[in-house]
Amino acid sequence: MKVDKKEIEILELLEKNGRMDVHTIAQMVELSPEEVEQAIQKFEDQQIIHGYSTLIDWTEVLGYEGVTAMIDVKVTPVRGKGFNDVAERIYRFPEVKAVYLMSGAYDLSVSVEGKTMSQVARFVSEKLSTLDTVISTTTHFILKKYKHDGIIFGEDDNNDRRMPVSP
Amino acid sequence: MSSDTSRFIAEHVDSLKPSGIRRFFDLASTMENVISLGVGEPDFVTPWNVIEASYHSLEQGYTAYTANAGLLELRQLIAEYLQSAYAVPYRAEDQVIVTVGASQAIDIALRAILNPGDEVIIVEPCFVAYASAVTLAGGVPVSVGTQAANEFKLQPEELMNSITKRTKAIILCNPNNPTGTMLSREELLPIANLIQEHDLLVLSDEIYAELSYDDGYVSFASLPEMYERTILISGFSKSFAMTGWRLGYAAGPAALIQAMTKIHQYTIMCAPTMAQYGAVEALRSGSASVEQMKKSYRQRRNFVMTAFEDMGLMTNRPGGAFYIFPSIKETGLSSEEFAEALLIEEKVAVVPGSVFGESGEGYIRCSYATSMKQLTEAMKRIKRFVERRLI
């Protein structure tokens, strides 16, 4: 889908802050609120905007437990269908948060979330490794997230080091 | 023997008034949770690759002086940049000098050209340091005001009326601090004609040039016959978010830059080396960061402009920089009263227009170089304040 410069600006603003209201966006990109609304509707219809998610640093939430693992998966591509079939079989599992086809030493990069390490381990050994086309898996548990989706965790946005008034 | 040591202070220094911004800063810094629209600097941190390059230069042991005029490599990059961005050709060897901020470039330019009593025309409202810099260099500042009715654009006839036999130079800031006004080629040409006619020199402060929102920014030096009459002054503070690095430059006719280099050599020696290595990296790979910051400033400009219009405060449309200069005349308050009451009642710091010269009275300078979250809240508070005052 062809989008113009201002529409790209709308997407960038929403990517940074999905809760930014239509009126503010309209002022910032010099369009009417109706035009912005229409553009957003169009992006949603055309699946350019897939959803609005919130970036949460769960490690800061006391009482929440969860682990994430990145799994390198080597697979045998299926004649006529390449990697798509096996990718689909994998991404349908609710534990799986992301699947990417990769170049290099392995084929699929699979991000899996679970409540505990043993839950993730069980998913890998019982569900993922047992798929016909899967040759091997290498599981890496994420120990700490420093930066995710362009956002540095733990960095205070309002930490303005400037003096209150300057020339 | 008197213990009053102020008797030692030179008269021309003693006569300087402290900057109005300073007084306001003192007031604002005593208060907590103030939203500040009073800062004349970017809210971004210097792009990481620039910081990293500076670290690297220290690790490599580049901690000694550079040439007086600055690293040749940096001067070459500045010359290439001025050529590609504004089509003005300068030789790195003798037409470019790296300074401690654009402020020092202005200072040494004035000291290099002024004889005692020479007049320098200053277009108000303007950056607070121009007039004092002229005085400190032994010259006499002569103000020419601009009006909101003309979008704060310098009118050639008003310039003409203030030129005397003693006039030597004019300081132009385009885009302007504090109004954000940007002059187009058509608007600059008649000014250039007058300058030619009266044999004047121009100190063209182009520190905000990279932050111009409308296409077709024109450097004064690129106008016909102006190359030999212009000292182009700029720096890294605003466009690359490097205010604390204190790194600027001047480019111009070789004789003038050499005269400036003499003063620079005997007073500063050279600009800080680590900052110069950072600037090299900024010019090599920083243009994407500048574009991104500029886009963000433009969006915020649009936001605050509409917000001021909504609350009934007349405002010009800033073509560049990151300031907006709305009129507060409707409230019946002076700009100092407005800024002070706003600070005390709503904890929003803005700068009274009067500190930028007489023609700034009746306006306030708001910097929109701050987060959208802060801007949204600040506009809400200013609106509340204005509504109370208008009743």
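Computed over heavy atoms, backbone and side chain alike; hydrogens, waters and symmetry mates excluded.
- Heavy atoms of other residues, nucleotides or ligands lying less than 6.0 angstrom from OH of A/Tyr100 number 12 at most.
- Summarising the geometry, atom NZ belonging to B/Lys295 is positioned 8.5 Å from atom CG belonging to A/Leu13; distances are rounded to the nearest 0.5 Å.
- In this structure, the portion of B/Met372 lying under 4.5 Å from any heavy atom of chain A is its side chain and not its backbone.
- Surrounding NZ of A/Lys97 are more than 12 heavy atoms belonging to other residues, nucleotides or ligands, all under 6.0 Å away.
- Judged by distance alone, the side chain of A/Arg162 and the main-chain N or O of B/Glu41 form a donor-acceptor pair under 3.5 Å.
- Separation of atoms CD (A/Gln27) and CD (B/Gln299) is listed at 12.5 Å; rounding is to 0.5 Å.
- Ranked by non-hydrogen atom pairs under 4.5 Å with chain A, the options B/Pro178, B/Ala307, B/Pro42 are led by B/Pro42.
- Between A/Asp160 and B/Thr370, the closest heavy-atom pair is OD2-OG1, 4.4 Å.
- Heavy atoms of B/Val34 lying under 4.5 Å from chain A are absent altogether.
- Counting heavy atoms of neighbouring residues, nucleotides and ligands inside a 6.0 Å radius, atom CE of B/Met314 does not exceed 12 of them.
- Counting heavy-atom neighbours within 6.0 Å of A/Asp132 CG, excluding the residue itself, gives a total of 12 or less.
- In this structure, CG on A/Leu31 lies 10.0 Å from CG on B/Asn302, to the nearest 0.5 angstrom.
- Annotation: B/Lys294, atom NZ; neighbour count of heavy atoms from other residues, nucleotides and ligands within 6.0 Å is above 12.
- By the neighbour-count criterion of 12 heavy atoms within 6.0 Å, atom OH of A/Tyr146 is sparsely surrounded, having that number or fewer from other residues, nucleotides or ligands.
- Separating the NE2 atom in A/His23 from the OG1 atom in B/Thr306 is a distance of 12.0 Å, to the nearest 0.5 Å.
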Candidate pair B/Arg301 and A/Glu30, rule side chain to side chain contact (heavy atoms under 4.5 Å, CB included), full reasoning: CA-CA 10 Å; B/Arg301 186 259 329 240; A/Glu30 292 185 292; 4.3 Å; yes
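- Annotation for B/Gln292: atom CD does not count as buried by contact number, only 12 or fewer foreign heavy atoms lying within 6.0 Å.
- Considering OG of B/Ser296 and CD of A/Glu12, their distance stands at 10.5 Å, rounded to 0.5 Å.
- For A/Phe153, the CZ atom sits in a packed shell: over 12 heavy atoms of surrounding residues, nucleotides or ligands are nearer than 6.0 Å.
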